[in-house]
Amino acid sequence: MATDKIPLFYDDREHAETILYELSLHEDLSLIKKRLKLGDYQLNDWLIERKTLPDLVQSLCDGRLFAQVARLAQSPNHTALLIEGCTQDIAGYQIRREALIGALCSISINFYIPILRSLSQTETPKILYFCATQLNRRENELTLTGRKPKRKKNQQLFILQSLPEVGPKLASRLLYHFKNIEAVFTAPEEALIRVEGIGKEKARKIREALTG
């Protein structure tokens with residue numbers, strides 16, 4: 001008896017031919033091109049953002065990484081970050097190993113975004129296929145048992161409390177003032193000090209934590 005194929009959506013701006021070709025070899029997958037607002041791949045209610053290790057390091061160095069991660073964290077979908085590459089790929093970058101480890105820990109712990117690791121574009125399709133089959137199996141099991149867990153609400157206030165000297169009340173004021181955490185993460189010091197409870201020194205510490 002023929003079984004339904006597992007739909008795997010990929011963003012139409014994703015130009016990783018090797019990955020897409022390898023995925024197309026799986027007869028139980030159905031690759032569907034689609035414009036995704038977030039992420040590069042979508043499996044059920046999961047979005048997966050693929051970043052090469054050099055891209056990750058570059059976005060960390062120029063301060064874009066946590067704004068990008070904040071957008072993922074605010075998605076109504078579950079989200080994961082797939083990092084592709086090895087340490088040799090970033091040998092020419094002037095970045096301390098501790099800074100990179102700290103960023104990855106923050107993404108996992110503060111933003112609740114799991115990190116998947118791939119050595120290359122050859123390994124990435126294998127990881128995506130494993131994710132597709134396991135999510136599909138889980139979805140079938142949940143449908144049969146009728147026990148489907150609800151998606152937790154975005155942990156915006158908790159994420160904001162990971163910033164230096166930001167407690168629950170200040171996190172609430174930040175969120176009320178800026179409307180979303182991406183705006184907080186990209187706000188310059190002069191914008192931060194307009195929020196009650198944030199002076200110049202605290203604003204400086206927040207910006208250093210986000211870009212240092």
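Note that the coordinates shown come from a computational prediction; the quantities given were computed from them, not determined experimentally. Count residues from 1 along the sequence.
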Shortest non-hydrogen separation from Ala132 to Leu29 and the atoms involved = CB-CD2, 3.9 Å
remark   = Correct closest heavy-atom pair for Ile193 and Ala203 would be CG2-CB, 3.6 Å
query = Backbone N or O of Asn44 within a donor-acceptor pair of the Gln42 side chain at under 3.5 Å?
reply = yes
Shared hydrophobic cluster, Phe178 / Phe111 (ILVMFWY, side-chain heavy atoms < 4.5 Å) = yes
message = Just so I know, are the side chains of Tyr129 and Glu22 near enough to count as touching, which here means a heavy-atom distance under 4.5 Å?
response = no
inquiry  = Is it the case that the side chains of Asp55 and Thr52 hold a donor-acceptor pair, with the cut-off being a distance below 3.5 Å and no angle test?
reply    = yes
ask   = Hey, quick one: are Leu36 and Leu20 part of the same hydrophobic cluster, counting side-chain heavy atoms closer than 4.5 Å, chains of contacts allowed?
value = no
task = Flag the pair Cys86 / Asp89 as yes when at least one side-chain heavy-atom distance between them is below 4.5 Å, and no otherwise.
result = yes
inquiry  = Using 0.5 Å steps for rounding, measure from the CD1 atom of Ile48 to the CG atom of Asp40.
reply    = 9.5 Å
message = Between Leu65 and Leu210, is there shared hydrophobic-cluster membership here, with clusters defined by ILVMFWY side-chain heavy atoms closer than 4.5 Å?
response = yes
request  = Would you indicate whether the side-chain heavy atoms of Ile6 and Ser30 approach each other to under 4.5 Å?
outcome  = no
inquiry  = Run Glu14 and Tyr41 through side-chain contact (heavy atoms from CB on, under 4.5 Å) and show every step you take.
reply    = CA-CA 9 Å; Glu14 175 75 333; Tyr41 301 92; 2.7 Å; yes
note = So CD1 of Ile181 and CZ of Arg71: to nearest 0.5 Å the spacing works out to 11.0 Å
task = Decide yes or no on side-chain contact (heavy atoms from CB on, under 4.5 Å) for Phe66 and Ser106, but give the supporting numbers first.
result = CA-CA 9 Å; Phe66 288 109; Ser106 179; 3.6 Å; yes
key: Contacts of type salt bridge (charged side-chain N to carboxylate O under 4.0 Å, His left out), residue Arg117, not counting sequence neighbours   = none
request  = Return the set of residues passing side chain to side chain contact (heavy atoms under 4.5 Å, CB included) with Pro114 (not counting sequence neighbours), or none when no residue passes.
outcome  = Trp46, Ala80
Side-chain donor/acceptor of Asn77 to backbone N/O of Thr79, under 3.5 Å = no
query = Under 4.0 Å between a Lys/Arg side-chain N and an Asp/Glu carboxylate O for Lys126 and Glu123?
reply = no
Shortest non-hydrogen contact between Gly39 and Glu49, atoms and distance = CA-OE1, 3.2 Å
task = Evaluate the side-chain contact (heavy atoms from CB on, under 4.5 Å) criterion for residues Gln74 and Asn180: first the C-alpha distance (whole Å), next the side-chain angles of each, then the deciding distance (0.1 Å), finally the verdict.
result = CA-CA 9 Å; Gln74 293 179 80; Asn180 60 69; 3.3 Å; yes
message = Has Lys51 got a side-chain atom pairing as donor or acceptor with Leu82's backbone, closer than 3.5 angstrom?
response = no
request  = Could you walk me through whether Ile19 and Gln121 pass side-chain contact (heavy atoms from CB on, under 4.5 Å), step by step?
outcome  = CA-CA 6 Å; Ile19 295 174; Gln121 278 201 20; 4.0 Å; yes
message = Nearest 0.5 angstrom please: Leu104 CG to Leu81 CG, how far?
response = 8.0 Å
task = Tell me, please, which residues at least two apart from Asp11 pass salt bridge (charged side-chain N to carboxylate O under 4.0 Å, His left out).
result = Arg13
Short side-chain to backbone donor-acceptor contact, Ser108 and Cys105, under 3.5 Å = no
request  = Would you name the heavy atoms of Ala99 and Leu60 that are closest together and state the gap between them?
outcome  = O-CD2, 4.0 Å
May I have the list of side-chain donor-acceptor pairs in residues 162-173 shorter than 3.5 Å, sequence neighbours left out?
| unit_1 | atom_1 | unit_2 | atom_2 | d |
| --- | --- | --- | --- | --- |
| Ser162 | OG | Ile159 | O | 2.5 |
| Glu165 | OE2 | Lys205 | NZ | 2.7 |
| Ser172 | OG | Pro168 | O | 3.1 |
| Arg173 | NE | Glu196 | O | 2.9 |
| Arg173 | NH2 | Glu196 | O | 3.4 |

query = If you measure from CG on Leu56 to CD on Gln68, what distance do you get to the nearest 0.5 Å?
reply = 9.0 Å
Side-chain donor-acceptor contacts of residues 184-192 below 3.5 Å, not counting sequence neighbours, with atom names and distances?
| unit_1 | atom_1 | unit_2 | atom_2 | d |
| --- | --- | --- | --- | --- |
| Thr186 | OG1 | Glu182 | O | 3.0 |
| Thr186 | OG1 | Ala183 | O | 3.4 |

ask   = Is a salt bridge present between Asp12 and Arg35, judged by a nitrogen-to-oxygen distance below 4.0 Å?
value = yes
query = Is the side chain of Asn110 donor-acceptor paired with the backbone N or O of Ile107 at a distance under 3.5 Å, no angle test?
reply = no
request  = Using the test salt bridge (charged side-chain N to carboxylate O under 4.0 Å, His left out), find all partners of Arg97 that sit at least two apart in sequence or belong to another chain.
outcome  = none
ask   = Under 4.5 Å between side-chain heavy atoms, hopping through other hydrophobics if needed: is there a path connecting Leu23 to Leu135?
value = yes
query = Looking at side-chain heavy atoms only, is the closest gap between Ile83 and Leu116 below 4.5 Å?
reply = no
inquiry  = More than 12 heavy atoms of other residues, nucleotides or ligands under 6.0 Å from CZ of Phe130: yes or no?
reply    = no
inquiry  = Please determine whether residues Leu128 and Leu31 belong to a single hydrophobic cluster, defined as Ile, Leu, Val, Met, Phe, Trp and Tyr linked transitively by side-chain heavy-atom distances below 4.5 Å.
reply    = yes
query = Is there a donor-acceptor contact under 3.5 Å linking the side chains of Thr124 and Glu84?
reply = yes
request  = Please examine the side chains of Tyr10 and Lys33, heavy atoms only from C-beta on, and report whether any two atoms are closer than 4.5 Å.
outcome  = yes
Non-hydrogen side-chain atoms of Ser75 and Leu47 separated by less than 4.5 Å = yes
